[in-house]
Amino acid sequence: MTKKERFDKVFPILEKKFGKAKAALNYETPFQFMIAVILSAQCTDARVNIVTKELFKVVKNPEDIRKMDIKTLEEYIKSTGFFRNKAKNIKLNAQMMKEKYNDKLPRTIEELLVLLGVGRKTTNVILGDLWNIRQGIVVDTHVKRLSNLIGFVESDNPEIIERELMKFVPKKYWFEYSHYLILHGRDKCVARRPKCLECEINKYCKHGQKLINK
DNA sequence: CTCCCGATAT
DNA sequence: ATATCAGGAG
(Lines give C-alpha, C1' and ligand atoms only; values in the text may rest on other atoms or scores of the structure.)
Protein backbone atom coordinates (compact mmCIF):
# COMPACT_ATOMS: atom_id res chain seq x y z
CA MET A 1 0.00 0.00 0.00
CA THR A 2 1.40 3.39 -0.98
CA LYS A 3 1.40 6.25 1.46
CA LYS A 4 -1.29 8.00 -0.53
CA GLU A 5 -3.49 4.88 -0.43
CA ARG A 6 -2.78 4.62 3.26
CA PHE A 7 -3.77 8.25 3.71
CA ASP A 8 -7.04 7.64 1.86
CA LYS A 9 -7.87 4.86 4.33
CA VAL A 10 -6.93 6.66 7.54
CA PHE A 11 -7.96 10.25 6.89
CA PRO A 12 -11.71 9.69 6.37
CA ILE A 13 -11.88 7.84 9.68
CA LEU A 14 -10.38 10.79 11.51
CA GLU A 15 -12.46 13.23 9.49
CA LYS A 16 -15.64 11.49 10.52
CA LYS A 17 -14.49 11.40 14.12
CA PHE A 18 -13.48 15.04 14.53
CA GLY A 19 -15.39 16.95 11.88
CA LYS A 20 -14.58 20.65 11.80
CA ALA A 21 -11.23 21.27 13.44
CA LYS A 22 -10.78 24.28 15.65
CA ALA A 23 -7.91 25.49 17.78
CA ALA A 24 -8.06 24.62 21.47
CA LEU A 25 -6.21 27.79 22.44
CA ASN A 26 -8.35 30.68 23.65
CA TYR A 27 -7.78 34.25 22.38
CA GLU A 28 -9.51 37.40 21.19
CA THR A 29 -6.91 39.19 19.06
CA PRO A 30 -4.26 37.91 16.60
CA PHE A 31 -1.52 39.20 18.88
CA GLN A 32 -2.99 37.23 21.75
CA PHE A 33 -3.02 34.14 19.57
CA MET A 34 0.66 34.57 18.79
CA ILE A 35 1.39 34.73 22.52
CA ALA A 36 -0.70 31.63 23.16
CA VAL A 37 1.10 29.63 20.50
CA ILE A 38 4.52 30.70 21.80
CA LEU A 39 3.47 29.66 25.30
CA SER A 40 2.29 26.28 24.04
CA ALA A 41 5.83 25.09 23.32
CA GLN A 42 6.36 21.94 25.41
CA CYS A 43 3.22 22.67 27.39
CA THR A 44 -0.38 21.47 27.24
CA ASP A 45 -2.91 23.85 25.70
CA ALA A 46 -5.06 23.36 28.79
CA ARG A 47 -2.29 24.91 30.87
CA VAL A 48 -1.83 27.73 28.36
CA ASN A 49 -5.53 28.56 28.58
CA ILE A 50 -5.35 28.78 32.37
CA VAL A 51 -2.47 31.25 32.11
CA THR A 52 -3.88 33.35 29.28
CA LYS A 53 -7.25 33.68 30.97
CA GLU A 54 -5.62 36.08 33.41
CA LEU A 55 -2.93 37.51 31.11
CA PHE A 56 -5.33 38.47 28.35
CA LYS A 57 -7.43 40.52 30.76
CA VAL A 58 -4.63 43.08 30.70
CA VAL A 59 -2.89 42.26 27.39
CA LYS A 60 -4.79 42.85 24.16
CA ASN A 61 -2.11 44.31 21.86
CA PRO A 62 1.67 44.78 21.56
CA GLU A 63 1.58 48.10 23.40
CA ASP A 64 0.21 46.36 26.49
CA ILE A 65 3.22 44.05 26.48
CA ARG A 66 5.68 46.89 25.87
CA LYS A 67 4.54 48.76 28.95
CA MET A 68 4.43 45.63 31.11
CA ASP A 69 7.42 44.87 33.31
CA ILE A 70 9.16 41.67 32.22
CA LYS A 71 9.09 40.29 35.74
CA THR A 72 5.34 40.78 35.81
CA LEU A 73 5.02 38.97 32.50
CA GLU A 74 7.17 36.13 33.80
CA GLU A 75 4.89 35.72 36.81
CA TYR A 76 1.84 35.46 34.57
CA ILE A 77 3.31 32.76 32.34
CA LYS A 78 5.57 30.95 34.80
CA SER A 79 3.56 27.72 34.94
CA THR A 80 3.94 27.10 31.20
CA GLY A 81 7.64 26.37 31.59
CA PHE A 82 10.59 27.98 29.76
CA PHE A 83 9.09 31.16 31.17
CA ARG A 84 12.20 33.36 31.01
CA ASN A 85 12.78 32.65 27.32
CA LYS A 86 9.11 32.96 26.50
CA ALA A 87 8.74 36.27 28.36
CA LYS A 88 11.85 37.69 26.74
CA ASN A 89 10.71 36.63 23.27
CA ILE A 90 7.22 38.04 23.72
CA LYS A 91 8.67 41.38 24.87
CA LEU A 92 11.11 41.51 21.95
CA ASN A 93 8.35 40.65 19.50
CA ALA A 94 6.12 43.43 20.79
CA GLN A 95 8.99 45.85 20.14
CA MET A 96 9.83 44.36 16.77
CA MET A 97 6.22 44.47 15.63
CA LYS A 98 6.14 48.20 16.25
CA GLU A 99 9.36 48.87 14.37
CA LYS A 100 8.87 46.49 11.44
CA TYR A 101 5.20 45.59 11.10
CA ASN A 102 3.22 48.62 12.27
CA ASP A 103 2.06 46.63 15.32
CA LYS A 104 0.33 44.02 13.19
CA LEU A 105 1.06 40.33 12.78
CA PRO A 106 2.60 39.71 9.33
CA ARG A 107 1.03 37.10 7.05
CA THR A 108 4.02 35.50 5.37
CA ILE A 109 6.28 32.70 6.57
CA GLU A 110 9.42 34.78 6.15
CA GLU A 111 8.13 37.73 8.15
CA LEU A 112 6.75 35.55 10.93
CA LEU A 113 9.99 33.60 11.27
CA VAL A 114 11.82 36.85 12.08
CA LEU A 115 9.95 36.97 15.38
CA LEU A 116 11.61 35.29 18.35
CA GLY A 117 10.19 32.04 19.62
CA VAL A 118 8.31 31.68 16.34
CA GLY A 119 9.59 28.74 14.30
CA ARG A 120 8.21 26.65 11.52
CA LYS A 121 5.49 25.02 13.60
CA THR A 122 4.25 28.22 15.21
CA THR A 123 4.24 29.94 11.81
CA ASN A 124 2.06 27.25 10.26
CA VAL A 125 -0.35 27.38 13.20
CA ILE A 126 -0.71 31.17 12.99
CA LEU A 127 -1.19 31.29 9.22
CA GLY A 128 -3.64 28.40 9.20
CA ASP A 129 -5.66 29.19 12.29
CA LEU A 130 -5.94 32.97 11.98
CA TRP A 131 -6.26 33.45 8.25
CA ASN A 132 -6.82 30.04 6.71
CA ILE A 133 -3.52 30.32 4.82
CA ARG A 134 -2.15 26.85 4.09
CA GLN A 135 1.50 27.13 3.19
CA GLY A 136 2.71 24.16 5.19
CA ILE A 137 1.79 21.38 7.58
CA VAL A 138 2.03 21.81 11.34
CA VAL A 139 4.45 19.21 12.71
CA ASP A 140 4.35 19.19 16.48
CA THR A 141 5.12 16.33 18.86
CA HIS A 142 1.80 14.58 18.13
CA VAL A 143 2.00 14.88 14.35
CA LYS A 144 5.57 13.62 14.53
CA ARG A 145 4.70 10.61 16.67
CA LEU A 146 1.51 9.57 14.88
CA SER A 147 2.87 10.12 11.37
CA ASN A 148 5.69 7.70 12.17
CA LEU A 149 3.40 5.18 13.88
CA ILE A 150 0.95 5.10 10.97
CA GLY A 151 3.84 4.71 8.55
CA PHE A 152 3.44 8.00 6.72
CA VAL A 153 7.06 9.00 7.43
CA GLU A 154 10.24 7.58 8.88
CA SER A 155 11.98 10.51 10.51
CA ASP A 156 12.41 12.46 13.74
CA ASN A 157 13.16 15.71 11.95
CA PRO A 158 10.06 17.97 11.80
CA GLU A 159 11.17 19.74 8.62
CA ILE A 160 11.79 16.47 6.79
CA ILE A 161 8.47 15.13 8.06
CA GLU A 162 6.66 18.21 6.80
CA ARG A 163 8.26 17.89 3.37
CA GLU A 164 7.40 14.18 3.11
CA LEU A 165 3.80 14.73 4.20
CA MET A 166 3.34 17.50 1.66
CA LYS A 167 4.09 14.98 -1.10
CA PHE A 168 0.96 12.88 -0.61
CA VAL A 169 -1.40 14.80 1.67
CA PRO A 170 -3.69 16.88 -0.60
CA LYS A 171 -3.13 20.58 0.00
CA LYS A 172 -6.78 21.14 0.85
CA TYR A 173 -6.29 18.87 3.85
CA TRP A 174 -2.96 20.21 5.18
CA PHE A 175 -4.69 22.12 7.92
CA GLU A 176 -7.07 19.34 8.94
CA TYR A 177 -4.38 16.69 8.80
CA SER A 178 -2.46 18.31 11.63
CA HIS A 179 -5.53 19.07 13.69
CA TYR A 180 -6.88 15.53 13.45
CA LEU A 181 -3.57 13.93 14.38
CA ILE A 182 -3.14 16.30 17.31
CA LEU A 183 -6.68 15.66 18.54
CA HIS A 184 -6.32 11.92 18.10
CA GLY A 185 -2.94 12.07 19.81
CA ARG A 186 -4.54 13.64 22.85
CA ASP A 187 -7.62 11.45 22.77
CA LYS A 188 -6.36 7.90 22.05
CA CYS A 189 -2.72 7.86 21.01
CA VAL A 190 -1.34 9.40 24.18
CA ALA A 191 2.42 8.96 24.25
CA ARG A 192 2.57 7.79 27.85
CA ARG A 193 -0.07 5.08 27.51
CA PRO A 194 -1.81 4.76 24.14
CA LYS A 195 -5.34 3.32 24.26
CA CYS A 196 -4.84 1.01 21.30
CA LEU A 197 -7.84 -1.19 22.09
CA GLU A 198 -10.19 1.78 21.68
CA CYS A 199 -8.28 3.32 18.78
CA GLU A 200 -10.27 3.81 15.58
CA ILE A 201 -7.21 3.44 13.34
CA ASN A 202 -5.28 0.73 15.19
CA LYS A 203 -5.17 -1.55 12.12
CA TYR A 204 -3.11 1.09 10.33
CA CYS A 205 -0.64 1.67 13.17
CA LYS A 206 2.53 -0.05 14.36
CA HIS A 207 1.32 -0.14 17.97
CA GLY A 208 -2.07 -1.42 16.90
CA GLN A 209 -0.59 -4.14 14.68
CA LYS A 210 1.45 -5.47 17.60
CA LEU A 211 -1.70 -5.59 19.67
CA ILE A 212 -3.63 -7.52 17.03
CA ASN A 213 -0.83 -10.05 16.47
CA LYS A 214 -0.75 -11.02 20.14
C1' DC B 1 23.89 18.68 20.05
C1' DT B 2 22.33 21.28 24.55
C1' DC B 3 19.60 24.28 27.07
C1' DC B 4 15.36 26.31 28.45
C1' DC B 5 11.52 24.61 32.74
C1' DG B 6 6.88 23.96 35.36
C1' DA B 7 2.83 20.78 35.70
C1' DT B 8 0.93 16.41 35.29
C1' DA B 9 0.07 11.33 34.50
C1' DT B 10 1.91 6.98 35.41
C1' DA C 1 11.33 8.89 39.82
C1' DT C 2 10.43 9.56 35.06
C1' DA C 3 8.31 10.72 30.63
C1' DT C 4 5.79 14.00 28.30
C1' DC C 5 3.34 18.27 27.03
C1' DA C 6 0.27 22.20 20.02
C1' DG C 7 9.18 23.93 20.23
C1' DG C 8 12.81 27.13 19.37
C1' DA C 9 17.46 29.21 19.71
C1' DG C 10 22.45 29.07 20.11
Side-chain angles (χ1 to χ4, degrees), chain A residues 14 18 20-27 30 32-56 70-71 73-93 95-96 105 109-149 153 155-163 165 174-198 207:
Chain A
L14 297 177
F18 294 113
K20 249 185 125 38
K22 202 54 192 159
L25 296 171
N26 300 329
Y27 64 96
Q32 287 181 337
F33 187 62
M34 184 200 74
I35 292 177
V37 184
I38 289 177
L39 294 181
S40 72
Q42 292 293 288
C43 178
T44 61
D45 53 351
R47 168 59 50 185
V48 173
N49 284 334
I50 292 173
V51 162
T52 54
K53 185 177 180 187
E54 297 306 316
L55 180 65
F56 290 168
I70 187 149
K71 289 294 175 190
L73 180 56
E74 286 182 359
E75 285 307 312
Y76 270 108
I77 68 172
K78 194 163 197 168
S79 66
T80 66
F82 303 158
F83 64 93
R84 292 188 193 87
N85 278 338
K86 288 173 179 174
K88 188 169 68 180
N89 288 338
I90 291 168
K91 286 285 280 183
L92 286 170
N93 288 347
Q95 193 58 41
M96 228 185 298
L105 261 193
I109 294 177
E110 298 74 25
E111 290 173 302
L112 282 170
L113 285 176
V114 172
L115 300 174
L116 275 306
V118 177
R120 185 77 197 173
K121 175 254 168 184
T122 303
T123 300
N124 283 334
V125 171
I126 289 175
L127 290 176
D129 248 89
L130 285 182
W131 303 302
N132 215 23
I133 300 171
R134 292 160 188 165
Q135 298 199 8
I137 297 177
V138 173
V139 179
D140 73 326
T141 177
H142 293 298
V143 175
K144 181 171 98 174
R145 187 176 70 258
L146 270 69
S147 293
N148 276 286
L149 280 172
V153 299
S155 171
D156 278 328
N157 183 317
E159 296 202 13
I160 294 177
I161 293 173
E162 184 179 1
R163 226 174 32 242
L165 289 174
W174 284 3
F175 187 69
E176 286 76 10
Y177 176 87
S178 297
H179 270 281
Y180 292 164
L181 264 62
I182 289 165
L183 291 172
H184 188 66
R186 290 177 21 171
D187 175 40
K188 296 285 162 58
C189 196
V190 188
R192 269 188 269 250
R193 195 153 72 84
K195 304 164 186 170
C196 299
L197 282 172
E198 311 166 23
H207 280 169

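Numbered from 1 within each chain, the chains take letters A, B, ... in sequence-line order.
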Q: Whole Å only: how far is the OH atom of A:Tyr76 from the C1' atom of B:dG6?
A: 19 Å

Q: If you draw a 6.0 Å radius around CD in A:Gln135, do more than 12 non-hydrogen atoms from other residues or ligands fall strictly inside?
A: yes

Q: Examine distances only and state if a side-chain atom of A:Lys195 and a backbone atom of A:Val190 form a donor-acceptor pair shorter than 3.5 Å.
A: no

Q: Using the P atom on both, measure C:dG8 against B:dA7 and round to a whole Å.
A: 22 Å

Q: What residues form a ring pair (Phe, Tyr, Trp, His ring centres under 6.0 Å) with A:Phe33, not counting sequence neighbours?
A: A:Tyr27

Q: In terms of side-chain geometry, is the basic nitrogen of A:Lys91 or A:Glu74 positioned less than 4.0 Å from the acidic oxygen of its partner?
A: no

Q: When rounded to the nearest Å, what value does the distance between C1' atoms of B:dT2 and C:dA6 take?
A: 23 Å

Q: When the C1' atoms of B:dG6 and C:dG10 are considered, how many whole Å apart are they?
A: 22 Å

Q: Answer yes when A:Glu162 and A:Arg120 have at least one side-chain N-carboxylate O distance shorter than 4.0 Å, and no when they do not.
A: yes

Q: How does each nucleotide of nucleotides 2-10 of chain C score, in 5' to 3' order, for protein heavy atoms under 4.0 Å: base (B), sugar-phosphate only (S), or none (-)?
A: -BBBBBSS-

Q: So which one's nearest nucleotide on DNA chain B is more toward 5', A:Ile50 or A:Thr80?
A: A:Thr80

Q: Under a 3.5 Å distance rule, please check whether A:Asp140 uses its side chain to pair with a backbone N or O of A:Val143 as donor and acceptor.
A: yes

Q: Look at the side-chain N and O atoms of A:Arg47 and state whether any lies under 4.0 Å from the OP1 or OP2 oxygen of B:dG6.
A: no

Q: With rounding to the closest Å, how many angstrom separate the C1' atoms on C:dA3 and B:dC5?
A: 14 Å

